[in-house]
Structure formats: structure tokens, C-alpha cells
Amino acid sequence: MRYFVGNWKMFGVPKSINIVNKINAFVNLDKKYNKKYKAIITPPFTLLETFSKALKNKRVLIGAQNCFYKEKFSSDTGAISPYMIKKLGAKYVIIGHSDNRAEGDNDSILKKKVTFALKNKINVIFCIGENKTQKNKKFTNKVLKKQLSNVLEKKFNKGNIIIAYEPIWSIGTGKIPKISELSKTIFFIKKSLKKIFKRNNSIKVLYGGSVDSTNIQQFNSIKILDGFLIGGASKTSKKFIDIIKNYYR
Ligand code: PGA
């Protein structure tokens, strides 16, 4: 099963539902869908309700791009809790994206976000990734291990956690890691997850960073890679669908 998750970031208005409907129509036509892949769109908070109503009982699933670190209601101006996104139909939530880490989400905040999202039975897509300097200094594994072990706990329901490895230097830059290096990193992440959860686990690990329809096929050779978190190239139905098609070509 491969995941294709579209991270729309701060893009989209209600009529953008046309894009998601087209993706859904494509996914519906694909008889192999059930076994092969899951398509998930994470629009801004403002579109969650519109999208999830329109896509009720449809193949494409809806997620949120973030949530606040308190469970339900509180007097935090502008904040949106896991409970609230759940009520709007979000089945997934991205937590720990480098954009949000840069805005101040530290490990202790992220741990609360993951805890409360899981408590609300929302699947967490937890993002990790090194920056350019860390990569150049060959600190990648050390950084990833810390990002995982500082936030994830054995007691968390691993069935509801997905990891997205997103090297910061590759997000929105057009640069992707060498396939041989990426393969080793995904293996390392899976090994680290086994240590945290103290036994064999089935946590999926996705790659994100400049994935598009022209480079997707090369990722197919990494059999242990479970899917993709796609930013820029997920905002039109054609590009998103082409990514899925070209992956399986
Ligand atoms: P990108 O973004 O595909 O535009 O590089 C990925 C992300 O930020 O999740």
C-alpha cells in the first residue's frame, strides 16, 4: 500500500473542491486502488468541512496540516484543536512539518500535538528531516533519531502513526536525495522506530520534498518506502494524478 498525500499549504478556496473531485474520480476508476494506494488531501483548515462533506464515503481522504497542542477547547486565540479538526472530518493530521518547527514547534509541543491527535483517533503524519548544514556534517541519522525518540513513545498507538521524512533542503527546491542515500535513510528510520516501539512494527515511512511527476518513478525502486508527502505538485489534479500514474508506470 502506497500513500500519496497532498499538502496544499496556504493554498485553496472552496471551488478548489473541483481538483479533489477529479482526483477522486481518477482513484475510483482505478480498480487496483484498494490494494495499491491511498490518496489523501490536506487542505487549509478553512476547507476541511467543505471538502470532507463533498468527499463523504469517497476514496480520497481528507486531513489537516496541523493542530494545536491542547485536546478540545481552550482560550488560545486563533488555535484549532485536534477535536475540532476531527469534527470537520479530518482523518489525518500533519504534525512537525519543518515550516511549523521553524515557527516554534519544539519537541515538547510536538509530543502534545501527537498525543492529543491520537487521543482523538486521528492518524498522525509526523514529519522529520535534517537541514542542509546537518546533512553536510553527516548528522542526518543523529538528527532523525532525536526527532523521533524525543516525541514518539512506546505507549502511542503505532497503528495510527505515519512518518514523513522530509529533508528541509529538498522542500520546494527541486532537489531530491540520491536514491541510494534515501533508501539507507528510510531503512535507518524504520530501524529507529523498531527501537522506540520495542518490537517489529509496521509504521509506514513516506518521503517528501520536491516530489513531482517527472522524478516519481525513480522512487519506485525503494521497496521499503511507503509513499509520498507532496507539496507544490499536489495542487492541481493533473499533476497529482500524473504522480500516481508515473509511479506505477
Ligand atoms: P514540496 O513540499 O513537495 O513542494 O517540496 C513538500 C512539503 O513541504 O510537504
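All values derive from a computational prediction rather than experimental measurement. Both ligands and their constituent atoms are indexed starting at 1 by order of listing.
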Compute the minimum heavy-atom distance from Ser210 to ligand 1 and say whether it is under 4.0 Å.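 Contact present.
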Is Ile230 in polar range of ligand 1, meaning some N or O pair under 3.5 Å apart?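 Checking ligand 1 against Ile230, no N or O pair falls under 3.5 Å apart.
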Please check whether Gly172 reaches ligand 1 - meaning an N/O of the residue sits under 3.5 Å from an N/O of the ligand, judged on distance alone.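 Gly172 vs ligand 1: N/O contact under 3.5 Å present.
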Please report which non-hydrogen protein atom sits nearest to [atom], along with the residue it belongs to and the distance in Å to one decimal place.
atom: atom 4 (O) of ligand 1; value: Gly232 N, 2.9 Å
atom: atom 2 (O) of ligand 1; value: Lys9 NZ, 3.3 Å
atom: atom 9 (O) of ligand 1; value: Glu166 OE2, 2.7 Å
atom: atom 3 (O) of ligand 1; value: Gly231 N, 2.9 Å

More than 12 heavy atoms from other groups under 6.0 Å of [atom1] on [X]:
X: Lys184; atom1: NZ; result: no
X: Lys223; atom1: NZ; result: yes
X: Lys132; atom1: NZ; result: yes

With heavy atoms under 4.0 Å as the rule, classify the contact between Ile171 and ligand 1 as side chain, backbone, both or neither.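 The answer is both, backbone and side chain.
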Is a side-chain donor-acceptor pair under 3.5 Å present for Asn150 with Asp107?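 The criterion, which ignores hydrogens and geometry beyond distance, is satisfied for Asn150 and Asp107.
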State, without any angle test, whether Glu103 and Asn100 hold a side-chain donor-acceptor pair at a distance under 3.5 Å.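 Asn100 and Glu103 do have a side-chain donor-acceptor pair below 3.5 Å.
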Output field: ring centroids [X]/[Y] closer than 6.0 Å:
X: Tyr207; Y: Phe219; result: yes
X: Tyr83; Y: Phe116; result: no
X: Tyr37; Y: Phe4; result: yes

[X] neighbourhood, listing ligand 1 atoms whose heavy-atom distance to it stays under 4.0 Å:
X: Gly209; answer: 5 (O)
X: Leu229; answer: 9 (O)
X: Asn7; answer: 7 (C), 8 (O), 9 (O)
X: His97; answer: 7 (C), 8 (O), 9 (O)

